[in-house]
Amino acid sequence: MKNPFRSRNSALPGLYLDILEKTLIRQQGQSDCGVACLASLLAYYGGYSRLERLRELSGTDAQGTTLLGLCQAARQIGFDADGMQADSIENLKTDVSVPVILHVLIDNVLQHYVVCYGWDAARQQFLIGDPARGVHHQTTDELAAIWTSLVLLHPIPTERLVKQADEKKQQRTWLLNLVRADIPLLSIATGLGIVTAVLGLSTAIFSQKLVDEILPKHDTKRLMLGIGLLAVLLVARAGVGFLRGLLLNRQSRDFNNRIVNQFYGSLLRLPKSFFDSRKTGELIARLNDTGRIQRTISHLTGAVIINALVVLISVGYIFTYAVPVGLLTLLSIPLFAALVWRYHRRIINGQREVMAASARTESNYVDTIQGIDVIKTANRESFFSAITKTVYGHYQDRAYSLGTLGLRFNLTAEVIAALLITAILGAISWLVVQKTMQLGEMMAVLTLVGTIIPAVVSLSLTNIQLQEAHVAFDRMYEYAHLQQEPTEHVPDPTFAFESLSIKGLDFRFPGRALLLENISLQLRRGEWVTLLGESGSGKSTLLQVLQRFYTPENGQLLVNGHDWQQIDVPTWRTALGVVPQQIKLFSGTLLDNICLSQTADEAEAIVQFCRDYGFSTYFEQFPQGYLTILGEDGVNLSGGQRQLVALARALYQRPQLLLLDEPTAAMDRHTEQFVLDLLTQLQPQVGILFITHKAQHSELADRTYLLDGRQLVCVEPQYLAGPPVRAHLA
Ligand SMILES: Nc1ncnc2c1ncn2[C@@H]1O[C@H](COP(=O)(O)OP(=O)(O)OP(=O)(O)O)[C@@H](O)[C@H]1O
């Protein structure tokens, strides 16, 4: 392992506090401190990566990140990184030429990461970036008290760093592609909005003419004509407004459909590892937040343009009546801009916190409702109610704080508006008294001011709404732009599985110790291979690697003698028939659950398949036979029945390689025998990899492997009953 302290390269780079403050990324929770430090270093070098991606690359979970995980993530995002052990804290002062990440222990209990930017010789203190506290100085003693491990990560940037500008450009292009289809609709709506705004001015102009010209002259004919015209204009305005509303409503529907479908489509194409560390509720909350983006787009193309026009035209008009009043009206713009500037950051932070708290609430609901059996068995209803109360209470507290902030903002805005209107009223009354303004003009100015002030307030809120959409967009884009699995190919129907050969496979979950080491395994079509091993030894994980859910660290995987990367993912997965340990039944009929597609065309084929394979004996006993509704909305099947449905689902796809993870563990002897007989019949046409803890299953196998202490060993039949294999068998 390289040691950065051995040779001093150069003086520390300029320590500019404001740059460090700007580039320090705050942690979103306690477990995020490691990835926040890494993201901060990336930002420090002008690079960019989202916390989400770093969490995934580093294997961050609720407990946090290991140094190994941080190191792996750092390498993947373009650093040359190594974990190291310093000899003493003095090394940090003299030998560090780049910022490093330190593993510290706060109050002797809390594992934490901070960035050490270097030794500030002028102040004789270290400059530390703490994702929980911000940038600050620490004395040698203070740092030594928490950096007891003397462990650090030493990342050096390389050419591969993703620059922030590239990322922003990608984001813009993504959003633009989504909005492009709406441009004609939005343009028409904007045009209609402009017409509405101009028509809106008609009342002010008419009232001035009425008071100053028509009424004094008792001109009945002009009066009737004017009132008629005004009625037509107002009705036209209402009609145009209605039409515009219809168009925006349609745009809202189309845009939301597009954005949610695209987001959800991308989400389902993300690798399995993505879902391992995510909470369902969090994903749902982010999906729901997308509505904010659409609202902002229609606000921008509607209210903003209209309000800007109202302000421009109305202020222009006021100037034609009286320049000082025009100037006074214009004063509203800087006043409201200053107000927004003052509240802007706090409102954005508040919105971010509310969204995050709402996502946590949703996750908590999903988690507790899905775990209702455990809660009831353990008699823990009160405990989980209390947790929900706390989580929801926190969400409501955040919403309350944001609401209070909004009320304070509104109060200040209204006070400013009231003072301005009073000042303008005073000014124009004085002009009327001085006889430099007519009464009708005064009424017109008042009407115009009455439209200008709300328009300016609405314009000043635009930035906040924009930021709200930005937060929602960021939270969605964070997932939508992650590297997807290459699952778009159409499976190759000519693919025929002959053999699988694994040589020297190593695998670990990100940031974890090696789980599978130097694994080698052979399996041909027509063979049955049994896999034994202690709980937690990695059998199910091996099956998931074989489904290409996870990428091995090392090793050669050959299918039919060729590197398996040459076979695309959909072709490979179509060739597999998998019965996992945890069986998922979807809300739908038994038929739906077997074919996992539209059953209308396949119903007869499925029923025939069940008869041919012998499943009908079991399925026809279900309450409504093949039409029994299963899953969330339907009958709760027994563990053995679920396994039968999962096996039928796997076999219906006519697989060529069966990956079965304890597929009969929950079955009675009779049903289990049925399954074993069925598999024996199918064996000549398929390869079978069968995970089990039961001794008798090894007797059916051509070969038995034992996964023991990360290694896979082939067990000769005569040793199956002896120690240490005996220990793993039921
Ligand atoms: N997504 C994941 N991230 C991190 N660790 C994981 C993940 N999935 C599984 N593990 C860990 O990998 C280890 C092996 O799990 P696996 O389910 O493969 O064991 P197994 O041999 O199938 O056990 P059993 O016989 O009980 O089914 C366990 O310690 C588990 O906690």
Side-chain angles (χ1 to χ4, degrees), residues 31-32 34-35 52-73 76 270-280 282-283 367 482-483 485 502 505-519 521 529-553 555 576 578-584 639 642-643 646 658-667 688-698 701 704-715 724-730:
S31 61
D32 287 335
V35 285
E52 275 308 326
R53 179 162 153 72
L54 297 180
R55 282 177 65 92
E56 189 175 339
L57 294 178
S58 61
T60 301
D61 59 17
Q63 271 75 50
T65 321
T66 60
L67 196 76
L68 173 67
L70 272 189
C71 191
Q72 289 172 332
Q76 293 201 47
L270 290 176
K272 162 92 168 37
S273 53
F274 168 85
F275 297 92
D276 289 345
S277 55
R278 299 310 187 298
K279 293 182 171 172
T280 316
E282 167 81 27
L283 297 178
D367 217 25
L482 289 174
Q483 182 89 43
E485 280 190 314
I502 305 174
L505 177 142
D506 293 340
F507 176 79
R508 77 173 85 227
F509 286 106
R512 304 281 188 282
L514 216 51
L515 180 64
L516 304 172
E517 189 178 3
N518 198 19
I519 300 287
L521 182 147
V529 164
T530 296
L531 185 55
L532 302 169
E534 275 183 19
S535 291
S537 56
K539 302 180 297 299
S540 303
T541 305
L542 179 61
L543 239 57
Q544 301 201 55
V545 172
L546 291 181
Q547 290 170 72
R548 285 168 73 165
F549 287 167
Y550 304 116
T551 311
E553 199 169 282
L576 301 179
V578 183
V579 176
Q581 223 172 17
Q582 306 289 340
I583 290 156
K584 168 72 192 164
R642 294 173 84 86
Q643 288 187 316
L658 285 173
L659 304 178
L660 310 173
D661 197 346
E662 301 181 47
T664 60
M667 292 178 184
I688 302 176
L689 182 56
F690 193 103
I691 295 181
T692 182
H693 288 285
K694 291 188 179 172
Q696 65 268 31
H697 296 155
S698 300
T704 295
Y705 289 89
L706 173 70
L707 190 52
D708 196 19
R710 306 202 295 249
Q711 314 244 329
L712 194 67
V713 283
C714 190
V715 188
V725 177
R726 180 79 262 167
H728 305 302
L729 306 178

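All ligand and atom numbering here is 1-based and tracks the order in the structure. A quick note: this is a predicted structure, and the numbers were derived from the prediction, not measured. Heavy atoms only: backbone and side chains are in, while hydrogens, waters and symmetry mates are out.
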Protein contact for atom 31 (O) of ligand 1 (heavy atom, distance under 4.0 Å)
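It does not: no protein heavy atom is found less than 4.0 Å away from atom 31 (O) of ligand 1.
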Among all the protein's heavy atoms, is there at least one whose distance to atom 9 (C) of ligand 1 comes out below 4.0 Å?
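Yes; the ligand atom in question has protein heavy-atom contact below 4.0 Å.
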Kindly give the heavy-atom pair with the smallest separation between Ser698 and Thr704, and that separation in Å.
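Minimum heavy-atom separation between Ser698 and Thr704: CB-OG1, 3.6 Å.
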For Ala73 and Ser58, work out which heavy atoms get closest and say how close.
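Heavy-atom minimum between the residues: CB-CB, 3.8 Å.
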Of the protein's non-hydrogen atoms, which lies at the shortest distance from [atom], and what is that distance?
| atom | result |
| --- | --- |
| atom 25 (O) of ligand 1 | Lys539 NZ, 2.6 Å |
| atom 16 (P) of ligand 1 | Thr541 OG1, 3.6 Å |
| atom 27 (O) of ligand 1 | Gln581 NE2, 2.7 Å |
| atom 6 (C) of ligand 1 | Phe509 CE1, 3.2 Å |
| atom 14 (C) of ligand 1 | Gly536 O, 3.4 Å |

Which atoms from ligand 1 have a heavy atom of [X] less than 4.0 Å away?
| X | answer |
| --- | --- |
| His693 | 25 (O) |
| Glu534 | 21 (O) |
| Asp276 | 1 (N) |

Option passing side chain to side chain donor-acceptor pair (under 3.5 Å) with Thr60 (candidates Thr65, Thr66, Asp32)
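Only one option passes, and that is Thr65.
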Going by side chain to side chain contact (heavy atoms under 4.5 Å, CB included), Leu712 matches just one of Leu706, Leu531, Ile502. Which one?
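In the set Leu706, Leu531, Ile502, the residue that makes a side chain to side chain contact (heavy atoms under 4.5 Å, CB included) with Leu712 is Leu531.
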Would you check if the side chain of Gln643 reaches a backbone N or O of Glu662 as a donor-acceptor pair within less than 3.5 Å?
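Yes.
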Check whether any side-chain N or O of Asp506 sits under 3.5 Å from a backbone N or O of Asn518 as a donor-acceptor pair, and report yes or no.
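Yes; judged by distance alone, with no hydrogens or angles, the pair exists.
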Any N or O of Ser540 closer than 3.5 Å to N or O of ligand 1
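Checking ligand 1 against Ser540, an N or O pair does fall under 3.5 Å apart.
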Does the side chain of Leu68 reach to within under 4.5 Å of the side chain of Arg508, using non-hydrogen atoms?
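A side-chain contact exists here, since the closest heavy-atom pair is under 4.5 Å.
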Under 4.5 Å between any side-chain heavy atoms of Val715 and Leu532, yes or no?
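Not in contact.
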Could you check whether any heavy atom of Ser537 sits closer than 4.0 Å to an atom of ligand 1, since that is the contact criterion I want to use?
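Contact check Ser537 vs ligand 1: positive.
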Please verify whether a non-hydrogen atom of Glu662 lies at under 4.0 Å from ligand 1.
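True for this residue.
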Between Phe507 and Tyr550, how do the two ring planes meet: parallel, tilted or perpendicular, split at 30° and 60°?
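Geometry flag for Tyr550 against Phe507: tilted rings.
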Just to be sure I read this right, does ligand 1 sit under 4.0 Å from the backbone of Leu707, its side chain, both, or neither, counting only heavy atoms?
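Contact part for Leu707 vs ligand 1: neither.
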